[in-house]
Amino acid sequence: MLTLHGRARSNYYNAVKAVLIEKGLEFTEVKEPVPPTPEYLKLSPMAKVPCLVTDQGPLTETTAILDYLEDTCPEVPLRPADPYERAKFSEINKSLELYVEWVARQGYGVLRGEETTDAEKAYVAKHLAQAVEAIPSLTSFDPWVFGDTFTYADIFCYFMLVYARHSARIHAEIDLLDAVGATDWFARIEARESMQRVLADAAAYEP
Ligand SMILES: N[C@@H](CCC(=O)N[C@@H](CS)C(=O)NCC(=O)O)C(=O)O
């Protein structure tokens with residue numbers, strides 16, 4: 001049995017949830033409060049959501065969880081098998097996480113109605129502009145992140161961009177999706193049945 005702990009407003013939580021649905025796996029959800037309870041810290045020592053509790057124990061870090069799901073549920077493959085292709089696939093996921101989501105995150109205060117400092121604004125603008133230049137060398141989002149095959153990179157990268165695009169618009173005056181040619185792909189991902197459920201739950205989420 002799989003239990004997903006976290007919050008439906010978390011982009012990382014939603015990435016795991018969408019992949020669980022894509023794979024047709026059964027799971028239950030447990031909403032975790034902020035700040036984390038002492039019990040949750042035993043499952044997720046870094047206090048991050050999501051955490052997937054498996055029969056063997058808890059797992060954190062979204063891409064580690066997604067790789068676990070690939071290894072334990074290969075019937076619905078969502079990751080390339082060839083070693084080089086798999087490494088390139090990880091390269092794209094990691095690049096969007098580190099150089100887009102984690103950069104844009106410096107400005108997420110604004111999404112909660114907080115002020116962003118000039119230093120934060122400058123950091124986001126500089127590093128996102130660099131990422132926007134680089135991303136087309138990694139993927140063209142046509143039709144999917146990893147070429148002709150739908151993979152978990154489509155779900156993961158969607159969630160690396162979903163909040164980042166607001167930070168990019170506000171702090172760097174960049175239309176992130178347009179700038180990297182991802183607008184049509186973004187709509188294709190949102191049209192998937194798995195995503196419709198995840199996005200509806202996120203919209204209905206109450207802290
Ligand atoms: N690298 C982590 C990032 C997860 C993450 O940052 N989750 C946020 C919510 S979107 C969180 O738990 N924030 C609470 C905190 O940082 O204390 C992963 O891949 O799962």
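Numbering of ligands and ligand atoms starts at 1, following listing order. Note: hydrogens, waters and symmetry copies are ignored here, and every other heavy atom, side chains too, is used.
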Tell me if a side-chain donor or acceptor on D67 pairs with a main-chain N or O of A64 at a distance below 3.5 Å. no
Numbered in order shown, the ligand 1 atoms found under 4.0 Å of a heavy atom of R105 are 6 (O), 10 (S)
Give the residue and atom name of whichever protein heavy atom lies nearest to atom 1 (N) of ligand 1, and the separation in Å to one decimal. E61 OE1, 2.7 Å
Pairs of nitrogen or oxygen atoms closer than 3.5 Å, one from Y12 and one from ligand 1: do any exist? no
Minimal heavy-atom distance between D142 and R188, with the atoms involved, is CA-NH2, 4.4 Å
Check the orientation of F186 and Y158. Use parallel for under 30°, tilted for 30 to 60°, and perpendicular for over 60°. parallel
E97: numbered ligand 1 atoms lying under 4.0 Å from its heavy atoms: 1 (N), 19 (O)
Short side-chain donor-acceptor distance under 3.5 Å, E120 and Y108: no
Close-contact set for ligand 1 against N11 heavy atoms, below 4.0 Å: 10 (S)
Ignoring hydrogens, what is the shortest heavy-atom contact between V16 and T62? Give both atom names and the distance. CG2-CG2, 3.8 Å
For atom 12 (O) of ligand 1, what is the nearest protein heavy atom, given as residue, atom name and distance? V49 N, 2.8 Å
Protein contact to atom 9 (C) of ligand 1 [nearest heavy atom, distance to 0.1 Å]: S10 OG, 3.7 Å
Using the six-membered ring of Y205, assess whether NZ or CZ of K31 lies under 6.0 Å from its centre and within 45 degrees of the ring axis. yes
Kindly say whether W144 contributes a backbone atom to a donor-acceptor pair with the side chain of D148 at under 3.5 angstrom? no
Return the option from K48, R9, R7 holding the heavy atom at the smallest distance from atom 15 (C) of ligand 1. K48
The closest protein heavy-atom partner of atom 20 (O) of ligand 1 is T62 OG1, 2.8 Å
Of all the non-hydrogen atoms in the protein, which one sits nearest to atom 17 (O) of ligand 1, and at what distance? A47 O, 3.9 Å
Answer yes or no for M46: is there a heavy-atom contact with ligand 1 below 4.0 Å? no
Considering only NZ, NE, NH1 and NH2 on the basic side and carboxylate oxygens on the acidic side, decide whether E193 and R197 come within less than 4.0 Å. no
